[in-house]
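Before any comments, here is the structure.
First listed ligand is number 1; within each ligand, the first listed atom is number 1.
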Amino acid sequence: MEFIDLTNIKNVTDYNKLEVAGEIIKKGGLVLFPTETVYGLGANGLDEEAVKKIYKAKGRSSDNPLILHISDIEMLGQIAKDISDIEFKLMNAFWPGPFTIILNKKDIVPSVVSGGLDTVGVRMPDNEIARNLIKFAGVPVAAPSANISGRPSGTNIKDIYQELSDKVDCIIDGGSTKIGVESTVVRVIDGVVHILRPGKITVEQITEVAGTPIVDKHVLGKLDDGTKVMSPGMKYKHYAPKTRCILVYNENYEILKDKIDETIDKYLRDNKKLVLMCLSDNADYFKDKNVTIINMGNSLDEISKNIFTDLRKADSFNADLIIIQGVSTKGLGLAIMNRLLRACNYNIIK
Ligand code: AMP
Ligand code: MG
């Protein structure tokens with residue numbers, strides 16, 4: 001297995017170390033690599049056999065499609081067709097960046113990538129390691145988040161080494177990822193943007209470029225069995241620690257504090273071992289309680305950056321319950337609440 005350390009880039013020539021990783025992709029191997037959102041588990045997106053290895057390594061359901069990552073706009077023409085003006089406008093505004101757009105796929109894209117759909121998700125990442133890797137590979141790189149399916153996504157190598165290192169041919173360490181939640185996934189239907197997965201690019205930002213988007217109701221709502229969805233990923237368990245989690249949220253901050261307090265006391269009375277994931281001021285407020293506290297930070301950017309590491313850390317205490325403080329769904333809060341609701345299996349106290 002190849003290990004490439006790019007945690008300390010001093011010079012643009014350091015990116016040449018990625019040539020060997022590009023070769024591994026070309027030859028059908030699997031590479032763990034950083035993007036600005038989360039780490040990806042990448043393979044040649046035009047090679048059916050290579051892509052199958054991703055599904056196997058993650059234990060991912062074969063109907064849950066993968067995003068193709070491109071290094072430049074020329075690659076887009078290879079894989080997608082019938083692109084509308086509004087779609088180009090969105091790509092221009094948010095690429096390179098944490099933004100994925102679902103487009104009609106060309107035949108060259110194997111159906112294993114698209115989970116049998118006639119569309120493909122495409123993203124141009126804003127991370128020099130990721131884009132240089134794709135350039136060296138010379139092909140679009142299919143890459144889901146680097147984690148075993150259902151588990152929190154990987155945002156640094158340490159968190160995912162144990163679960164994935166024996167399943168890949170190359171690991172690229174680029175340090176902790178900048179954003180921490182995955183890309184915003186959209187699809188344009190009849191000129192209207194639908195948000196299928198919220199991410200760093202917010203409703204507010206999309207509104208400025210392409211009018212008010214529709215946030216798919218499954219972004220915050222639980223899916224009933226058998227419901228038809230626009231994005232297969234909505235159907236599956238996601239981001240979940242092994243420990244049971246419960247989310248607590250109220251828009252009134254004082255009530256929210258009381259609810260957290262009541263929840264802690266209720267479970268302490270039953271002698272439960274508790275972890276509390278909360279914002280900085282509450283980490284201080286609840287410090288004398290008999291709970292293990294994980295401070296999620298005090299800004300949405302900070303919470304987002306650490307969210308998956310915090311969930312993994314919370315899990316490591318082998319507690320009976322993880323109590324998690326929620327946030328407002330404004331801006332980046334929508335992506336954070338989408339991840340937390342799913343980590344908690346929609347178990348929320350309001
Ligand atoms: P991940 O691979 O973990 O970043 O998740 C990618 C998300 O994008 C999943 O929820 C997929 O279901 C979704 N996705 C990828 N390609 C498509 C597509 N062609 N149509 C709808 N959703 C897609
Ligand atoms: Mg994922």
Side-chain angles (χ1 to χ4, degrees), residues 30 32-43 45 51 53-70 76 79-83 87 97-107 109-125 127 130 140-155 159-160 163-164 177 179-189 193-201 215-216 218-219 223 227-240 307-308 311-312 335 338-339 341-343:
L30 290 188
L32 265 187
F33 69 100
T35 78
E36 74 276 30
T37 57
V38 301
Y39 272 75
L41 179 58
V51 171
K53 291 184 195 166
I54 297 179
Y55 285 92
K56 187 157 179 255
K58 285 192 59 132
R60 184 172 173 117
S61 177
S62 62
D63 74 345
N64 191 5
L66 306 178
I67 294 167
L68 286 185
H69 294 75
I70 59 175
L76 177 69
I79 55 179
K81 60 182 183 187
D82 316 325
I83 302 171
E87 288 165 336
F99 182 78
T100 298
I101 186 157
I102 310 293
L103 299 167
N104 290 327
K105 83 171 187 73
K106 284 191 173 166
D107 290 342
V109 178
S111 72
V112 275
V113 168
S114 64
L117 302 172
D118 50 15
T119 54
V120 63
V122 189
R123 171 162 114 84
M124 189 194 293
N127 174 293
V141 171
S145 55
N147 54 276
I148 297 293
S149 279
R151 302 266 298 131
S153 305
T155 48
D159 281 357
I160 47 178
E163 66 190 62
L164 289 174
T177 62
I179 294 171
V181 292
E182 303 87 339
S183 60
T184 305
V185 177
V186 308
R187 178 155 183 199
V188 180
I189 299 170
V193 182
H194 291 248
I195 296 185
L196 307 186
R197 176 178 73 187
K200 172 72 177 170
I201 301 296
V215 178
D216 192 283
H218 301 119
V219 161
L223 193 70
T227 313
K228 208 167 176 294
V229 287
M230 262 212 253
S231 179
M234 292 168 170
K235 290 190 299 197
Y236 297 104
K237 184 177 150 191
H238 254 93
Y239 316 120
I307 194 163
F308 293 125
L311 286 168
R312 284 170 181 273
N338 167 267
R339 307 313 189 266
L341 275 163
R342 304 192 72 171

Can you tell me how far the [atom1] atom of [X] sits from the [atom2] atom of [Y], to the nearest 0.5 Å?
X: I101; Y: E87; atom1: CD1; atom2: CD; result: 4.5 Å
X: M230; Y: L117; atom1: CE; atom2: CG; result: 12.5 Å
X: R197; Y: R187; atom1: CZ; atom2: CZ; result: 16.0 Å
X: F308; Y: D159; atom1: CZ; atom2: CG; result: 11.0 Å

Would you indicate whether the side-chain heavy atoms of [Y] and [X] approach each other to under 4.5 Å?
X: K58; Y: S145; value: yes
X: F33; Y: N127; value: no
X: L311; Y: R339; value: no

Is K105 near ligand 1, meaning one of its heavy atoms is under 4.0 Å from it? no
Can a non-hydrogen atom of M234 be found less than 4.0 Å from any atom of ligand 1? no
Using a 6.0 Å cut-off, check whether atom NZ of K237 has over 12 heavy atoms from anything other than its own residue.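 No, NZ of K237 has 12 or fewer neighbouring heavy atoms, counting only those of other groups under 6.0 Å.
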Can you tell me the protein heavy atom closest to [atom] and the distance?
atom: atom 19 (N) of ligand 1; value: T119 OG1, 3.0 Å
atom: atom 9 (C) of ligand 1; value: N64 OD1, 3.7 Å
atom: atom 18 (C) of ligand 1; value: I102 CD1, 3.5 Å
atom: atom 21 (C) of ligand 1; value: M230 O, 3.5 Å
atom: atom 4 (O) of ligand 1; value: R197 NH1, 3.2 Å

Option set [options], criterion heavy-atom distance to [atom], minimum:
atom: atom 16 (N) of ligand 1; options: S61, P65, G199; answer: P65
atom: atom 3 (O) of ligand 1; options: P144, S145, S231; answer: S145
atom: atom 10 (O) of ligand 1; options: G233, S114, S149, G121; answer: G233

Can you spot which of D118, V122, L68, L66 makes a side-chain contact (heavy atoms from CB on, under 4.5 Å) with V109?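 Testing each of D118, V122, L68, L66 against V109, the sole residue satisfying side-chain contact (heavy atoms from CB on, under 4.5 Å) is L68.
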What are the atoms of ligand 1, with element, lying closer than 4.0 Å to any heavy atom of I67?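 Those atoms are 6 (C).
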Go through the steps to decide whether E182 and S153 satisfy the test side chain to side chain contact (heavy atoms under 4.5 Å, CB included), and finish with yes or no. CA-CA 8 Å; E182 303 87 339; S153 305; 2.5 Å; yes
For the student: nearest non-hydrogen atoms of K105 and S114, plus distance: CE-OG, 3.6 Å
How about the Mg ion (ligand 2), which protein N, O or S atoms come within less than 2.8 Å?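 As for protein N, O or S atoms lying under 2.8 Å from the Mg ion (ligand 2), they are S145 OG.
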L76 vs I83, test: side chain to side chain contact (heavy atoms under 4.5 Å, CB included). Steps then yes/no. CA-CA 10 Å; L76 177 69; I83 302 171; 3.7 Å; yes
Can you check whether R60 has an N/O within less than 3.5 Å of an N/O in ligand 1?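 By distance alone, the answer is yes.
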